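See structure below.
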Protein chains: 2
Amino acid sequence: MMLSSKNRQLIYYSVAFAVLFGLLKWIEYQFLVANYSFEIYASATALLFTSLGIWIALKLTKPKTTTIILEKNKFLSNSNNFKPNEKLILQLGLSKRELEVLQLMAQGLSNQEISENLFVSLNTVKTHISRLFSKLNVKRRTQAIEMAKKSAIIL
Amino acid sequence: MMLSSKNRQLIYYSVAFAVLFGLLKWIEYQFLVANYSFEIYASATALLFTSLGIWIALKLTKPKTTTIILEKNKFLSNSNNFKPNEKLILQLGLSKRELEVLQLMAQGLSNQEISENLFVSLNTVKTHISRLFSKLNVKRRTQAIEMAKKSAIIL
DNA sequence: ATCTCATTCATACTTTAGGATGATTTTTAA
DNA sequence: TTAAAAATCATCCTAAAGTATGAATGAGAT
């Protein structure tokens, strides 16, 4: 049986919880046997689980990307010396396949045509495009094309 | 005396902590007096403080942002040298309005947005675009954009 | 080894785009 | 001034694009 990555994560967190509870019991035992004050035990517990909460929150929140556009004047005329902006492509995290799809999209192909061109299903193309839109921070294919051309992601 | 917003936040959090510890003591009292199981008390505490941790993390961390600095190259000679292909525009019989629509289309606007931009109805925009497609001999807006840029109808 | 990421595909659904057709109102040029 | 072109808008319909969610798998990285 296969587990989705989300389910696996859940299981990991559950196990982590279990381990922490074990730790809790151990601390409890130590303190009670040693007859230390209950307050110290409570404080330790509180700190422990507060930290756990912070950790979980930090792990689970996704970073929000803000794009700052700096205009840099360049005196170039031709598309002959086109050099893809590798740095930006890396920064945006565009995969090989996504770039291919973007390229074909910019050439005016429909999703159906792209899928036939790459020998994959229409759904796959849609998935790639959805991810592209989110990575490029756009809502439509025409916006994606505009953006990708202006920032030299594609020719 | 003035308090900076950071100091005020700190105070709020301290107070929140105090209140929570109070709550903790109360729960502890309830459980101990009522002679409930210690495990339930511990679980409640753990959950409480895990939640607290999550809340603190979400509140306190400035929204995790990965800032992408995009160096947009502004090709001066390109924009300066651009001369619309008037001959072709005449040959194709493109009207002023159609060119405007084409321009906005290439900038990534949706039909709705174009209509708002030009203060006409959505239907009007569709009509213009239909004529454009037939005149440019294309089937989709992405093709129209490709074609219009390649043949210097628009920038 | 195991975890992450890229790639693939599916289903179900909503929204937008595009096509066909007809009609009214301005402009514009003969 | 009147015919032609341009611009406007509508309705009905179909096709394509886009969203959301879940899932399977193979390749690399740790």
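So you know, we letter chains A, B, ... as the sequences are listed, proteins then strands, and number each from 1. Bear in mind the structure is a predicted one, so any value in this text is a computation, not a measurement.
- With rounding to whole Å, Lys126(A) atom NZ is found 14 Å from dT21(D) atom C1'.
- Annotation for Pro84(A) and Ile89(A): closest pair CB-CD1, 4.5 Å, computed over non-hydrogen atoms.
- Across the protein-nucleic acid pair, Arg140(A) atom CZ and dT16(C) atom P stand 9 Å apart, rounded to whole Å.
- Atom P of nucleotide dG18(D) and atom CZ of Phe133(A) are separated by 4 Å, given to the nearest angstrom.
- Here the closest heavy-atom approach between residue Leu155(B) and residue Lys149(B) is recorded as O-CE, 3.6 Å.
- Remark: Lys150(B) pairs with Glu146(B) by the salt bridge (charged side-chain N to carboxylate O under 4.0 Å, His left out) rule, at least two apart or across chains.
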query = Val120(B) and Ile114(B): side chain to side chain contact (heavy atoms under 4.5 Å, CB included), yes or no, with the steps?
reply = CA-CA 8 Å; Val120(B) 297; Ile114(B) 294 173; over 6 Å; no

In a table with atom names and distances, give each donor-acceptor pair under 3.5 Å that connects a side chain of residues 100-110 of chain B to protein atoms at least two apart or in another chain.
from      : atom 1 : to        : atom 2 : distance (Å)
Glu100(B) : OE1    : Arg97(B)  : NH1    : 2.9
Ser110(B) : OG     : Glu113(B) : N      : 3.2

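- Across the protein-nucleic acid pair, Ile129(B) atom CD1 and dA16(D) atom C1' stand 15 Å apart, rounded to whole Å.
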message = Between Arg141(B) and Phe133(B), does the side chain to side chain contact (heavy atoms under 4.5 Å, CB included) criterion hold? Intermediate values first, please.
response = CA-CA 8 Å; Arg141(B) 53 173 52 211; Phe133(B) 288 174; 3.9 Å; yes

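- Residues forming a side-chain hydrogen bond (donor to acceptor under 3.5 Å, both in side chains) with Ser95(B) (at least two apart in sequence, or on another chain): Glu98(B).
- Scanning for side-chain hydrogen bond (donor to acceptor under 3.5 Å, both in side chains) contacts around Ser121(B) gives Thr124(B), with sequence neighbours left out.
- Here the P atom of nucleotide dT16(C) and the CD atom of Glu116(B) are 11 Å apart, to the nearest Å.
- Between Asn111(B) atom CG and dA17(C) atom P there is a gap of 4 Å when expressed in whole angstrom units.
- In the hydrophobic cluster analysis, where Ile, Leu, Val, Met, Phe, Trp and Tyr join through side-chain heavy atoms closer than 4.5 angstrom, Leu122(B) is grouped apart from Leu132(B).
- End-to-end axis angle for the helix from dT2(C)-dA29(D) to dA30(C)-dT1(D), using five pairs per end and rounding to 10°, comes out at 60°.
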Can you name the atoms? Protein N/O to nucleotides 7-9 of chain C N/O, anything below 3.5 Å, with the distance.
from   : atom 1 : to        : atom 2 : distance (Å)
dT7(C) : OP1    : Arg97(A)  : N      : 3.3
dT7(C) : OP2    : Ser95(A)  : OG     : 2.2
dT8(C) : OP1    : Arg97(A)  : NE     : 3.1
dT8(C) : OP1    : Arg97(A)  : NH2    : 3.0
dT8(C) : OP2    : Arg97(A)  : NE     : 3.2
dT8(C) : OP2    : His128(A) : NE2    : 2.8
dT8(C) : O4     : Arg131(A) : NH2    : 3.3
dC9(C) : OP2    : Ser121(A) : N      : 2.7
dC9(C) : OP2    : Thr124(A) : OG1    : 2.9
dC9(C) : O5'    : Thr124(A) : OG1    : 3.4
dC9(C) : N4     : Thr127(A) : OG1    : 3.2

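- Within the model, atoms CD of Gln91(A) and CG of Asn85(A) stand 8.0 Å from one another, a figure rounded to the nearest 0.5 Å.
- For the contact set between residues 141-148 of chain B and DNA chain D, defined by any heavy atom under 4.0 Å, there are no members.
- Ile145(A) and Leu136(B) are assigned to two separate hydrophobic clusters, defined by single-linkage of ILVMFWY side chains at heavy-atom distances under 4.5 Å.
- Proximity of residues 99-110 of chain A to DNA chain D (heavy atom under 4.0 angstrom from any strand atom) is restricted to Ser110(A).
- With sequence neighbours left out, Lys126(A) forms a side-chain hydrogen bond (donor to acceptor under 3.5 Å, both in side chains) with no residue at all.
- Partners of Ser151(B) under the side chain to side chain contact (heavy atoms under 4.5 Å, CB included) rule, at least two apart in sequence or in another chain, are Leu88(B), Met147(B), Ile153(B).
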For nucleotides 26-30 of chain D, which of its nitrogen or oxygen atoms have a protein nitrogen or oxygen under 3.5 Å away, and what is each distance?
none

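- In this view, Thr127(B) satisfies the side-chain hydrogen bond (donor to acceptor under 3.5 Å, both in side chains) rule with no residue, not counting sequence neighbours.
- As rounded to whole Å, 13 Å separates atom P of dA17(D) from atom NZ of Lys139(B).
- Look at CD on Glu113(B): it is 10 Å from P on dT16(C), rounded to the nearest Å.
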